[in-house]
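Naming: A, B, ... by sequence-line order, numbering from 1 per chain.
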Amino acid sequence: MSETNSAAASEVAAPHRYTAALAAEIEARWQDFWDAEGTYEAPNPSGDMAARDEAQAALVAKPKKFIMDMFPYPSGAGLHVGHPLGYIATDVFARFQRMTGHNVLHTLGFDAFGLPAEQYAVQTGTHPRVSTEANIENMKAQLRALGLGHDKRRSFATIDPDYYKWTQWIFVQIFNSWYDADAKKARPIADLVAQFDSGERAVPGSTRVWSELNAAERAEVLSQYRLAYASDAPVNWCPGLGTVLANEEVTADGRSERGNFPVFKAKLRQWNMRITAYADRLLDDLDALDWPEAIKLQQRNWIGRSEGARVNFPVGTEGDAITVFTTRQDTLFGATYMVLAPEHELVDKVVPAAWPEGTHEVWTGGHATPAEAVAKYRAFAASKSDVERQADAKEKTGVFTGVYATNPVSGEQVPVFIADYVLMGYGTGAIMAVPAHDSRDFAFARAFHLPMRCVVEPSDGRGTDTSTWDDAFSSYEAKLINSSNAEVSLDGLGVVDAKARITGWLATRGIGEGTVNFRLRDWLFSRQRYWGEPFPIVYDEDGVAHSLPESMLPLELPEVDDYSPRTFDPDDADTSPETPLSRNEDWVNVTLDLGDGPKKYRRETNTMPNWAGSCWYELRYLDPRNDQQLVDPAVEQYWMGPREGQPTGGVDLYVGGAEHAVLHLLYARFWSKVLFDLGHVSSAEPFHKLYNQGMIQAYVYRDSRGFPVPATEVEERDGKFFFEGEPVKRELGKMGKSLKNAVTPDEICDEYGADTLRLYEMAMGPLDVSRPWDTRAVVGQYRLLQRLWRLIVDESTGEVTVEDVAEADIDEATLRALHKAIDGVRQDLDGMRFNTAIAKITELNNHLTKVGGVVPRSVAERLVLLIAPLAPHVAEELWRKLGHTDSVVHQDFPVADPAYVVDESVTCVVQIKGKVKARLEVPPSISDAELEKVALADEKVVAALDGAGIRKVIVRAPKLVNIVPA
RNA sequence: GCGGUCGUUGCUGAAUUGGUAUAAGCGCGACACUUAGGAUGUCGUGGGAGAAAUCCCAUGUGGGUUCGAGUCCCACCGGCCGCACCA
């Protein structure tokens with residue numbers, strides 16, 4: 001009705017106005033053109049993507065830029081306007097880099113294995129491959145409409161067998177490697193076998209020699225070294241999802257990151273990646289990376305390096321000892337009891353038949369024997385999910401094991417407890433408890449009436465009588481007391497000195513040693529899922545694992561009757577996982593020739609976690625069709641190799657959300673380092689520069705019951721919000737279908753065009769900050785494009801209206817506005833400050849509009865080039881209308897003339913004691929002395945001074961003079 | 001609790017090294033063109049006082065350093081993010 005009216009009316013008034021309809025026509029045309037011409041193809045130095053013509057040959061000779069987005073999951077819901085924010089930003093940046101002399105590799109693939117894709121498939125009842133590929137096509141269409149300048153030859157999805165062949169191949173490399181701690185790098189497992197063979201290296205934990213071991217025994221030894229290994233260990237079992245999870249996928253409150261189901265500890269045989277071998281390198285190499293400090297910090301915290309000591313406490317009668325890890329070895333003399341994690345295996349060995357004489361009632365938990373107490377407490381601890389364990393953190397529970405250990409420095413007998421505040425997975429799973437100087441031990445000691453000994457004199461005046469304390473004294477700002485035996489004394493030393501002295505003494509006595517402990521644990525790598533990469537592993541009849549040779553890769557996912565995961569009651573810890581692939585017996589049981597004749601094997605039926613495909617995808621963008629190698633070394637070296645100013649090598653810019661701070665980014669760094677050690681790549685770090693874009697938020701409107709109501713139907717009156725007449729509450733949150741506030745790129749493109757959407761998303765604010773979407777404000781960028789269009793094109797005839805004017809004859813104010821804009825936009829785009837770049841283009845555009853008249857051609861052309869990275873379709877169209885036959889994409893970005901970047905005259909501020917009293921127009925070249933003279937002579941200044949003397953004059957020519965009166 | 005980060009106008013946000021606070025956009029107001037405007041264009045728009053020139057106040061709050069502080073330092077208040085029984 002009114003819309004058709006308005007469209008008709010405006011068409012009559014201005015048939016060639018820049019409208020949504022015209023934008024749609026222009027955009028579709030140029031998108032087709034770019035695809036047909038291969039405009040965004042980045043040539044490789046060699047191979048099947050080498051330069052195909054002279055123009056591309058010239059590109060290869062330029063410096064390279066590899067600009068990447070974190071690739072998307074092809075979700076079934078489609079995109080909302082928040083999703084492409086980062087893609088638009090990298091596209092603008094990539095376009096700017098193309099125009100400033102770089103060979104730019106920019107493309108986008110799809111991360112399509114994993115839980116979200118599988119769950120969507122299960123929900124819709126289609127095979128994951130069918131639904132996932134449909135989703136990818138849908139997303140490709142949505143992204144294409146935005147005019148993203150991707151090299152489409154290089155796009156792939158992680159589910160393509162051509163791609164996951166190499167994911168499996170990398171797994172085989174990792175499986176067939178071990179970490180040589182002396183060389184500090186990964187080496188082929190064959191090197192280790194050679195060391196065992198020659199006797200250079202002894203078989204660990206055994207008196208037997210390598211040649212005496214059978215195949216299964218050798219495999220067991222090697223699995224203790226392999227960087228990918230299967231082992232029985234307590235893992236995170238999530239019955240609600242029906243799979244085990246990595247530590248990184250479990251939230252702080254003990255739930256699955258996806259689905260929010262409870263997670264339990266269960267002992268299961270699972271595949272792991274020995275990422276802990278790389279803990280120190282993953283930590284140290286962060287320093288050289290150009291990453292946000294917040295992300296580096298998160299990785300450092302996750303790796304969790306802490307320096308301390310291991311100390312042995314003798315226990316029992318058979319020469320056993322409890323080894324503890326502590327960072328406070330200086331307080332050893334204050335260790336009055338010990339605690340083991342409930343699962344600690346030493347417990348079973350040392351628990352006596354009966355409680356020792358005089359055991360305190362609260363220590364026994366009311367149980368008749370230590371064995372019963374331990375069994376009951378273990379059952380109690382295991383039944384608690386991590387959620388409950390967190391919630392109960394303040395209340396300390398535990399039970400006495402009935403055994404005493406010997407404090408190795410004081411010789412004192414100290415009771416040994418088990419308690420769930422000590423975790424099996426950190427340190428040695430055992431602690432020495434120093435209740436006077438650790439607040440957790442303090443709480444436990446109070447609850448169990450355990451003695452405390454003050455060995456660090458409190459510096460806060462509370463005194464040394466621990467019975468009067470409310471909490472432990474754990475400060476380092478104090479001196480040691482009560483800490484000496486016949487051989488060593490720490491008394492009077494500060495904490496740091498005391499640590500050094502006692503560590504030295506422990507080492508000489510063979511009781512302990514200084515050590516570094518990491519919080520990082522090995523990466524649990526197997527999942528009980530259908531929709532993931534199958535492991536390239538088979539087991540022989542002895543149960544020994546063998547990797548498949550390259551000729552048998554890819555090992556494709558087989559068809560199964562039922563691909564859905566076996567899930568359970570989320571709260572039922574007493575369940576165990578089932579792998580969907582095990583349902584296909586024909587696939588599982590095979591006869592293969594692995595080099596020693598045909599034999600029967602059983603396939604591994606776990607699949608890889610969804611992180612696997614994203615651990616190395618940057619490498620495949622470089623050489624996506626190579627079926628002989630992961631990536632051609634010459635091509636890899638060109639795009640990823642170390643270079644001046646970037647000694648780590650790697651992707652030049654990697655943009656994505658901060659939610660991947662530890663998961664994806666840590667795993668990808670780990671794989672890079674292994675591939676680097678094994679000589680397959682030239683960069684030990686995948687991503688040199690990381691940039692986290694903010695989130696586009698949206699207002700959520702909730703009714704009185706708290707349910708979201710459709711945001712588009714909410715009315716605002718006097719700052720209050722109403723839906724169907726009823727008041728609703730507004731809050732700022734995420735954008736999404738379920739919150740009824742999603743805005744899609746499609747609807748914005750329909751209303752205004754993709755160039756307007758691109759400009760708006762970039763103009764909203766700094767890229768790294770989150771901010772709310774405001775559909776109303778989009779029109780501002782639409783107006784910018786309309787004004788730009790009108791400046792160059794006559795709205796009634798469609799003819800270009802520029803005129804040829806020599807640079808010298810152009811109005812000086814216009815030249816200054818132009819060159820200032822060029823200078824500013826260049827710097828802003830280079831620094832990824834897209835919002836201020838647009839503001840400067842807008843200012844120039846407004847200036848030209850205001851001046852009126854016909855625009856000089858050279859000014860119009862440079863304005864078009866300035867906006868080309870941001871609004872590529874309209875720029876191409878105007879460039880063509882201005883008479884050019886080539887694409888704007890590979891033009892040189894305008895360069896400012898410094899002579900016009902400075903103003904003809906500058907407003908100088910004259911302050912008296914910091915307050916502005918006068919403004920002077922002065923030439924920019926004015927000297928300090930001259931400016932001071934002019935300022936002091938100004939009548940307003942004279943009046944303001946009112947005859948007062950002058951103590952001091954600060955001159956910052958040409959912008960400021962500040963007079964300090966006496 | 002520990003660590004990080006941010007508080008500027010009705011809203012989103014500008015502001016090299018400390019040097020004219022509030023660029024640009026939205027919204028709002030007036031006007032023009034219009035049968036009409038939710039189109040387009042032009043002008044205005046931090047608060048207060050004043051007829052006006054002009055003056056005073058204002059970057060979460062309170063101090064400090066400085067000729068000069070949105071910017072640096074200290075304390076507090078508020079928001080957001082990360083980690084959290086890690087020995």
Exercise. Now, which nucleotide makes the Watson-Crick or G-U wobble pair with B:G70, with each of the two distances under 3.5 Å?
Worked result: none
Problem set entry | Basic-acidic side-chain contact under 4.0 Å: A:Asp938, A:Lys940 | no
For this session: With P as the reference atom in both, quote the distance from B:A14 to B:C83 in angstrom, rounded to an integer.
Result: 27 Å
For this session: Indicate, with a heavy-atom threshold strictly under 4.0 Å, whether A:Asp441 touches base, sugar-phosphate, or nothing.
Result: nothing
Exercise. Which is true for A:Asn517 with a 4.0 Å heavy-atom rule: it touches a base, it touches only sugar-phosphate, or it touches nothing?
Worked result: nothing
Exercise. Whom does B:C2 pair with, Watson-Crick or G-U wobble, provided both distances fall under 3.5 Å?
Worked result: B:G82
Problem set entry | Partner nucleotide of B:U35 by Watson-Crick or wobble geometry (both distances under 3.5 Å) | none
Exercise. Using a cut-off of 4.0 Å on non-hydrogen atoms, how would the nucleic acid contact of A:Asn301 be classed: base, sugar-phosphate, or nothing?
Worked result: nothing
Exercise. On a whole-Å scale, what distance lies between the P atoms belonging to B:G27 and B:U20?
Worked result: 31 Å
For this session: Name the pairing partner of B:C28, where a pair is Watson-Crick or G-U wobble with both distances under 3.5 Å, or state none.
Result: B:G44
Exercise. Under a 4.0 Å N-O cut-off, is there an ion pair linking A:Glu293 with A:Lys296?
Worked result: yes
For this session: Using both distances under 3.5 Å as the test, list the Watson-Crick or G-U wobble partner of B:U54, or none.
Result: B:A49
Seminar exercise, completed: Assert: residue with more 5' nearest nucleotide on RNA chain B, out of A:Tyr760 and A:Val964, is A:Tyr760
Exercise. Base, sugar-phosphate, or nothing: which does A:Gln786 touch, judged by heavy atoms less than 4.0 Å apart?
Worked result: sugar-phosphate
Exercise. Has the side chain of A:Arg776 got a donor or acceptor atom sitting under 3.5 Å from an opposite partner on the base of B:G27?
Worked result: no
Exercise. Can you tell me how far C1' in B:U66 sits from the matching atom in B:G19, rounded to whole Å?
Worked result: 12 Å
Exercise. Rounding to the closest angstrom, what is the interatomic distance between B:U8 and B:G47 at atom C1'?
Worked result: 14 Å
Exercise. Reckon A:Ala839 touches a base, only the sugar-phosphate, or nothing at all at heavy-atom distances under 4.0 Å?
Worked result: base
For this session: Using a 4.0 Å heavy-atom cut-off across all strands, classify A:Gln911 as base, sugar-phosphate, or nothing.
Result: base
Exercise. Who does B:A87 pair with, Watson-Crick or G-U, both distances under 3.5 Å?
Worked result: none
Exercise. Across all strands shown, which nucleotide pairs with B:U65 by Watson-Crick or G-U wobble geometry, both distances under 3.5 Å?
Worked result: none
Exercise. Nearest to the side chain of A:Lys959, which nucleotide is it out of B:C43, B:U20, B:G25?
Worked result: B:U20
For this session: Using Watson-Crick or G-U wobble geometry with both distances below 3.5 Å, tell me the partner of B:G7, or none.
Result: B:C77
Exercise. What nucleic acid atoms does A:Leu960 come within less than 4.0 Å of, heavy atoms only: base, sugar-phosphate, or nothing?
Worked result: base
For this session: Mind telling me whether A:Tyr377 and A:Phe380 have parallel, tilted or perpendicular rings, with 30° and 60° as the class edges?
Result: tilted
For this session: Output yes when A:Asp287 and A:Arg300 qualify as a salt bridge under the 4.0 Å nitrogen-oxygen rule, no when they do not.
Result: yes
Seminar exercise, completed: Residue pair A:Pro766/A:Ile431 against RNA chain B: nearer the 5' end by closest nucleotide is A:Pro766
Problem set entry | Basic-acidic side-chain contact under 4.0 Å: A:Arg17, A:Glu795 | yes
Exercise. So what does A:Lys850 hit on the nucleic acid, given a heavy-atom distance under 4.0 Å: a base, only sugar-phosphate, or nothing?
Worked result: sugar-phosphate
